[in-house]
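Every value quoted in this text rests on a predicted model; they were computed, and no experiment measured them.
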Amino acid sequence: KSYHYRSKLKFSLIKIEHFSGERSTFYTIQLEDGVVLFDEFLEENSKIYEKELKNITQRIRSMANQTGAQEHFFRQKEGKPGDGVCALYDQPKSKLRLYCIRYGNAIVILGGGGRKTTRTLQEDSKLDKENKLMRELSQKITVRVKAGEIDFSVDELEFIGNLEFYD
């Protein structure tokens with residue numbers, strides 16, 4: 001896809017209301033061309049991995065309403081140290097990957113992903129692109145957080161501030 005590796009990546013963070021609750025809030029990313037990463041992930045995998053997607057969405061709802069986005073639900077260190085990029089699975093030994101950016105137990109940004117068919121993600125061009133995109137988005141979000149343009153709500157369940165990255 002053409003949206004990867006552009007120096008002027010334009011996107012906005014969109015809260016997913018039906019996947020947000022009193023324990024965690026879930027966001028996704030809408031790119032400049034209208035593509036919504038999590039919706040695209042669901043669409044791309046719905047035919048072949050219907051059961052796995054159902055498990056992932058049930059896990060997201062459980063995190064939102066009961067448990068919070070606890071670290072053990074995610075595979076950590078899918079990005080660079082400190083960038084929060086991780087992967088959510090339908091089951092621990094599963095091969096379906098959903099790349100996310102996790103902010104503690106309260107906020108998760110859902111991106112894209114797919115089926116892991118190789119030993120390392122770098123050997124799979126689709127997963128490599130999806131992962132690198134999340135790393136790039138994480139960097140841009142971190143810049144805004146450090147600059148005070150994005151903050152967290154009092155209950156730390158939501159982002160507040162400028163969630164559109166079109167500059």
Side-chain angles (χ1 to χ4, degrees), residues 1 3-4 6 8-46 52-90 96-114 129-167:
K1 302 220 164 151
Y3 57 79
H4 298 293
R6 278 194 277 162
K8 299 279 186 211
L9 187 63
K10 298 178 180 186
F11 66 97
S12 47
L13 293 172
I14 310 286
K15 182 179 174 185
I16 309 172
E17 294 291 343
H18 63 279
F19 282 133
S20 296
E22 56 194 43
R23 300 298 304 262
S24 292
T25 303
F26 289 84
Y27 288 82
T28 190
I29 290 154
Q30 182 169 16
L31 300 172
E32 178 182 28
D33 60 6
V35 170
V36 177
L37 295 184
F38 183 60
D39 292 352
E40 185 180 62
F41 171 79
L42 293 174
E43 199 175 294
E44 286 174 353
N45 296 289
S46 63
E52 291 91 336
L53 288 177
K54 189 175 181 181
N55 287 338
I56 285 174
T57 57
Q58 284 174 334
R59 184 165 287 181
I60 291 169
R61 282 195 178 93
S62 173
M63 285 188 269
N65 298 304
Q66 282 108 31
T67 64
Q70 296 174 20
E71 190 173 329
H72 66 269
F73 292 126
F74 300 86
R75 179 182 171 121
Q76 302 301 314
K77 300 176 184 154
E78 290 285 322
K80 292 185 174 128
D83 67 6
V85 176
C86 54
L88 179 61
Y89 304 96
D90 61 309
L96 198 58
R97 301 283 190 268
L98 172 60
Y99 291 110
C100 311
I101 304 168
R102 186 174 158 270
Y103 293 87
N105 291 346
I107 297 175
V108 179
I109 301 170
L110 303 174
K129 282 180 186 169
E130 296 288 354
N131 181 279
K132 284 181 176 160
L133 176 63
M134 292 305 281
R135 291 180 195 193
E136 187 177 343
L137 297 171
S138 176
Q139 274 183 325
K140 292 179 181 297
I141 294 165
T142 299
V143 167
R144 289 248 175 117
V145 169
K146 285 181 177 172
E149 292 178 46
I150 295 177
D151 204 351
F152 300 93
S153 61
V154 175
D155 61 8
E156 296 188 344
L157 280 173
E158 293 189 57
F159 287 126
I160 298 172
N162 185 1
L163 305 182
E164 293 190 2
F165 293 74
Y166 292 110
D167 39 56

Working to the nearest 0.5 Å, report the span between CD of E43 and CG of L53. 11.5 Å
Smallest heavy-atom separation, G68 atom then S24 atom, equals CA-OG, 3.1 Å
Pairwise side-chain contact, Y103 with T25, heavy-atom cut-off 4.5 Å (strictly under): no
Who are the side-chain contact (heavy atoms from CB on, under 4.5 Å) partners of H18, not counting sequence neighbours? I16, R61
Once salt bridge (charged side-chain N to carboxylate O under 4.0 Å, His left out) is applied, do any residues pair with E156, and if so which ones, sequence neighbours excluded? none
Mind checking the CG-CD spacing from L31 to E40? Nearest 0.5 Å is all I need. 8.0 Å
Please report the shortest heavy-atom distance between M63 and F26, naming the atom on each side. CB-CZ, 3.9 Å
Looking only at heavy atoms, which two atoms of E78 and A87 are closest? And how far apart? CG-N, 3.7 Å
Please determine, by modelled atom types, if R59 and N55 share a side-chain donor-acceptor pair under 3.5 angstrom. no
Any side-chain heavy atom of I60 within less than 4.5 Å of one from L110? yes
Can you tell me how far apart CD1 (I150) and CD1 (I160) are? Round to the nearest 0.5 Å. 11.0 Å
Might you point out which heavy atoms bring L157 and G21 nearest each other, and give the distance in Å? CD1-O, 4.1 Å
Go through the structure and list residues passing side-chain hydrogen bond (donor to acceptor under 3.5 Å, both in side chains) with S153, not counting sequence neighbours. D155
State which residues pass side-chain contact (heavy atoms from CB on, under 4.5 Å) with S62; sequence neighbours excluded, sorted by chain then number. Q66, T67
Any chance you could measure Y99, atom OH, to K129, atom NZ, to the nearest 0.5 Å? 14.0 Å
CD/Q76: more than 12 non-hydrogen atoms of other groups inside 6.0 Å: yes
Please enumerate all residues that pass side-chain hydrogen bond (donor to acceptor under 3.5 Å, both in side chains) together with N105, with sequence neighbours excluded. R102
Please check if the side chain of T142 supplies one atom and the backbone of S138 the other of a donor-acceptor pair under 3.5 Å. yes
How close do F73 and A69 get, counting heavy atoms only, and between which atoms? CD1-C, 4.5 Å
Euclidean distance, L137 CG relative to L13 CG, rounded to 0.5 Å: 8.0 Å
Considering residues at least two apart in sequence or located in another chain, which fulfil the ring pair (Phe, Tyr, Trp, His ring centres under 6.0 Å) criterion with F11? F165
Does V108 form a side-chain contact (heavy atoms from CB on, under 4.5 Å) with F19? I'd like the steps, not just the answer. CA-CA 10 Å; V108 179; F19 282 133; over 6 Å; no
Sequence neighbours excluded, the answer for ring pair (Phe, Tyr, Trp, His ring centres under 6.0 Å) partners of Y27 is F159
More than 12 heavy atoms of other residues, nucleotides or ligands under 6.0 Å from CD of Q70: yes or no? yes
Minimum heavy-atom separation for C86 and F74, please, with both atom names. SG-CD2, 3.6 Å
Validation row: L96, N45 side chains within 4.5 angstrom (heavy atoms): yes
Less than 4.5 Å apart, side chain to side chain, heavy atoms only: is that true for L42 and I56? no
Contacts of K15 meeting salt bridge (charged side-chain N to carboxylate O under 4.0 Å, His left out) (sequence neighbours excluded), chain-then-number -> E17, E158
D83 vs I101, test: side-chain contact (heavy atoms from CB on, under 4.5 Å). Steps then yes/no. CA-CA 8 Å; D83 67 6; I101 304 168; over 6 Å; no
Would you compute the distance between atom CG of N65 and atom CD of E22 and round it to the nearest 0.5 angstrom? 6.5 Å
